[in-house]
Amino acid sequence: MRYGKNPMKNELFYNLVGRHSSRDETFLREADGTVWSYKRFIQLTNQTANALQSMGIKPGQRVAVQVDKSPAALAIYTACIQSGLVFLPLNTAYTASEVEFFLEDSGARLFICRPDLRDQFRRNLGGTGVCVETLSADGTGLFADRVANQSLVGPVCARNKRDLAVILYTSGTTGRSKGAMLTHENLLTNASTLAKLWKITDQDTLLHALPIFHIHGLFVAVNTVLVAGASMEYLPKFNLDDVFAALPKSTLFMGVPTFYTRLLQDERLSAESTDHMRLFVSGSAPLLADTFDRFQQRTGHIILERYGMTETNMIASNPYDGERRKGTVGLPLPGVEVQIVRDEDGQVCAANEVGQIHVRGPNVCAGYWKLEEKTKAEFTSNGYFRTGDLGCLDADGYLKLTGRAKDLIISGGYNIYPKEIEAVLDGCRGVKESAVIGIPDPDFGERVLAVIVEDETETFDEESTRAVISSGLAKFKHPKLYKTVSELPRNSMGKVQKKDLRTQFAQSDARLN
Ligand code: MLC
Ligand code: AMP
């Protein structure tokens, strides 16, 4: 699919949505059995686009959304693409203060939230010019009422490949969240490449249990389905009973490693219950060799592991037909260049030599919203993006991730930046300083642990600290364990040695609260 060929001049919209407009085939089936044909979903997209335009929202303006997963929520995304608006999805776990930062930083014109939060946001956002509308999980709400009154057909706004489609905020190693700017080209090229590589066709049904506010659930999953004209079993969230109910109707599954470890704990997982499945894909966090092996032994399926990040979409994937090599994330995607670069001298590493992973290609974002200096710093002079991941390419070109240069914890597929939590902890009573680390967790892969050095004058109080954390940070970021130490281990430069802390606390007991 190349830009400039489509008379509608919005290639992304055309390839994801427009070309399916008269298809009566199923696009998605909800957990309660409600079926949405492509035609009906596209009518809803048109109605949503008309509603957005009737509110005076202009191409390029940002529409922020923090709502439960539903067909109507997905239609806001496709309607934004149609109308040339910039879609800004937000994790439903984010607290009001986290959301307010994103709204202010992005200059969002419209914010669509869950009905129970409307009054609070209207109060907090009064005077900022952000319009607050609502949408609930069942598709009702103030915004839904506007949508219902609109025409089933709607205009398509012309866009070129460099126009922004989506802003996705990622917390940073500095503790300051950055909005990755994803263009129409980023999304379309990546979805087309993956659908081709994984041989997704209109005969496929994806079991969709991921959230739709991150690139995994939205771009890797939904966009590939749309590009291929496939269908989805569309679950509100990952839940074992719903997954096993939908499995017989599906051919594809995509998940974070936690989904696979949870499936393996369920006796319903077997060769028989998965015999009609064509492909299981894992990503967003390291898939343990043990999970890979046990899944193959139980089901006969070899999980296909792939690698990506918000700023770059997907970077590498194990092959569909060739060897899916355990412990690797496969080969760089067609059109995507991966370089492993030595820290000391910036030279490209030899095969199997570990270095910084740099990426270049049409998949890489246009930079960070309103952060020109930060954007410059994250790209090399020859246009490669610095992922912050460490790894090596083997002699066959398979990429192996070996660690992270960035201080990051991945819990159940969600990224947690310690700096953001440390900044809150350091302001708590009785805390002189803190270091937040990830320790192994059998369910989430990593679990957040806070190491506290007590203030000389005041005693550290875990309960009040938990309350402060709760009021400011999304639940998945909360430390599950607190430990106090007399001092943090530091190297000769004064840098906290988190590696030592991880070793010291690796065996910390599993009591979560
Ligand atoms: C929920 N909790 C988590 C958590 N998810 N804590 C840490 N990490 C998480 N990921 C909290 C809940 O609030 C709850 O707190 C407690 O942990 C247990 O909840 P649960 O019922 O067991 O969790 P559940 O709701 O089932 O959610 C777990 C999950 C979910 C794994 C299904 O986290 C999930 O869908 N993860 C997928 C994330 C994802 O899509 N990542 C892709 C990012 S894109 P309490 O206190 O109430 O008990 C990306 C790039 C790429 O990374 O390459 O794809
Ligand atoms: P995010 O910023 O949420 O998009 O997360 C991106 C990060 O997730 C990457 O930089 C990696 O560190 C990690 N990641 C993604 N896929 C994998 C994978 N297959 N194995 C290990 N880590 C992964």
Side-chain angles (χ1 to χ4, degrees), residues 69 89 91-95 168-173 177-178 180 182 190 194 208-222 235-243 254-263 265 281-289 291-292 303-318 326-330 356-357 359 363 365 378 385-391 399-417 438 441-448 466 469-470 473-480 512-513:
K69 185 177 171 184
N91 192 324
T92 44
Y94 288 150
T95 61
L168 268 169
Y169 277 87
T170 73
S171 298
T173 43
S177 290
K178 308 160 290 182
L182 293 150
N190 216 236
L194 295 177
H208 193 298
L210 288 155
I212 56 166
F213 42 70
H214 281 309
I215 63 163
H216 196 162
L218 194 56
F219 304 154
V220 186
V222 172
L235 307 184
K237 61 170 284 197
F238 181 87
N239 163 297
L240 285 165
D241 287 340
D242 289 344
V243 167
M254 295 180 191
V256 297
T258 300
F259 287 13
Y260 289 99
T261 48
R262 288 187 180 186
L263 284 172
Q265 277 163 18
V281 180
S282 174
S284 306
L287 181 72
L288 298 182
T291 311
F292 180 97
I303 298 173
L304 182 154
E305 189 172 4
R306 57 63 179 175
Y307 159 57
M309 69 185 292
T310 302
E311 289 91 330
T312 64
N313 292 278
M314 291 307 105
I315 297 168
S317 166
N318 270 282
K326 181 167 64 177
T328 80
V329 291
Q356 298 270 354
I357 302 176
V359 181
N363 55 315
C365 74
E378 296 301 325
F385 177 77
R386 304 175 205 271
T387 63
D389 290 314
L390 300 173
L399 179 64
K400 186 172 180 180
L401 304 183
T402 57
R404 301 174 200 130
K406 54 193 172 191
D407 190 13
L408 164 70
I409 298 167
I410 306 183
S411 168
Y414 287 144
N415 281 10
I416 299 164
Y417 284 88
D441 181 275
D443 186 31
F444 288 138
E446 285 186 279
R447 178 192 322 162
V448 180
R466 282 187 186 275
I469 290 279
S470 290
L473 298 174
K475 206 163 197 176
F476 67 89
K477 302 177 188 171
H478 295 187
K480 307 268 188 203
L512 297 186
N513 287 302

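Note that ligands are numbered from 1 as they come in the structure, with each ligand's atoms numbered from 1 the same way.
Less than 4.0 angstrom separates some heavy atom of Ile215 from each of these atoms of ligand 1: 44 (S), 50 (C). Those atoms of ligand 1 with a heavy atom of Lys237 less than 4.0 angstrom away are 24 (P), 25 (O), 26 (O). Interface atoms of ligand 1 facing Phe476, defined by a heavy-atom separation under 4.0 Å, are 3 (C), 4 (C), 6 (N), 7 (C), 8 (N), 9 (C). Atoms of ligand 1 lying under 4.0 Å from at least one heavy atom of His214, given by number and element, are 43 (C), 44 (S). Residue-ligand proximity, Met314 to ligand 1, at heavy-atom distances under 4.0 Å covers atoms 53 (O). Here is the list of ligand 1 atoms found below 4.0 Å of a heavy atom in Leu210: 40 (O).
With values rounded to the nearest 0.5 angstrom, Met309 atom CE is found 8.5 Å from Ile215 atom CD1. Separating the CG atom in Asp441 from the OG atom in Ser411 is a distance of 6.5 Å, to the nearest 0.5 Å. Of the inter-residue distances, the one linking Tyr260 atom OH with Ile303 atom CD1 reads 5.5 Å to the nearest 0.5 angstrom. Expressed to the nearest 0.5 Å, how far OG1 of Thr95 lies from NZ of Lys475 amounts to 12.5 Å. Going from atom OG1 of Thr291 over to atom NZ of Lys326 covers 11.0 Å, rounded to the nearest 0.5 Å. In this structure, Ile409 CD1 and Lys477 NZ are separated by 12.0 Å, a value rounded to the nearest 0.5 Å.
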Might you work through the ring pair (Phe, Tyr, Trp, His ring centres under 6.0 Å) test for His214 and Phe219, ending with a clear yes or no? CA-CA 8 Å; His214 281 309; Phe219 304 154; over 10 Å; no
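The nearest non-hydrogen atom to atom 26 (O) of ligand 1, considering only Arg447, Met309, Arg262, comes from Arg262. Considering Pro211, Ala209, Ala221 only, the shortest heavy-atom separation from atom 35 (O) of ligand 1 involves Pro211. When Arg306, His216, Glu446 are ranked by how near their heavy atoms come to atom 53 (O) of ligand 1, first place goes to Arg306. Nearest to atom 2 (N) of ligand 1 by heavy atom, out of Phe259, Phe219, Phe444, is Phe444. For atom 37 (C) of ligand 1, the nearest non-hydrogen atom from the set Gly412, Gly413, Ser470 belongs to Gly412. For the residues Lys475, Lys480, Glu311, His478, the heavy atom positioned nearest atom 6 (N) of ligand 1 is part of Lys480.
No N or O atom of Thr258 sits closer than 3.5 Å to an N or O atom of ligand 1. An N or O contact shorter than 3.5 Å links Ser411 to ligand 1 by distance. At least one N/O-N/O distance between Gly308 and ligand 1 falls below 3.5 Å.
The aromatic rings of Phe259 and Phe238 sit parallel, their planes meeting at an angle under 30°, below the 60° perpendicular limit.
Ile212 approaches Gly217 most closely through the heavy-atom pair CG2-O, 4.3 Å. Minimum interatomic distance between Ala180 and Glu311 (heavy atoms only, all atoms of both residues): CB-CG, 4.0 Å.
Not a single heavy atom of Tyr307 sits closer than 4.0 Å to an atom of ligand 1. Residue-ligand proximity: Gly217 is placed with every non-hydrogen atom at 4.0 Å or more from ligand 1.
Among the candidates Asn318, Val220, Leu287, the single residue satisfying the side chain to side chain contact (heavy atoms under 4.5 Å, CB included) test with Arg306 is Val220. When the options Leu210, Thr258, Val256 are evaluated for a side chain to side chain contact (heavy atoms under 4.5 Å, CB included) with Ser284, the one that passes is Val256.
Under 4.0 Å is where a charged nitrogen must lie from a carboxylate oxygen, and between Lys406 and Glu378 no such pair does.
Taking a heavy-atom cut-off of under 4.0 Å, ligand 2 is surrounded by Ser284, Ala285, Pro286, Glu305, Arg306, Tyr307, Gly308, Met309, Thr310, Val329, Asp389, Leu401, Arg404, Lys406, Ile410, Asn415.
Asp389 and Tyr307 share a donor-acceptor pair across their side chains, judged by distance under 3.5 Å alone.
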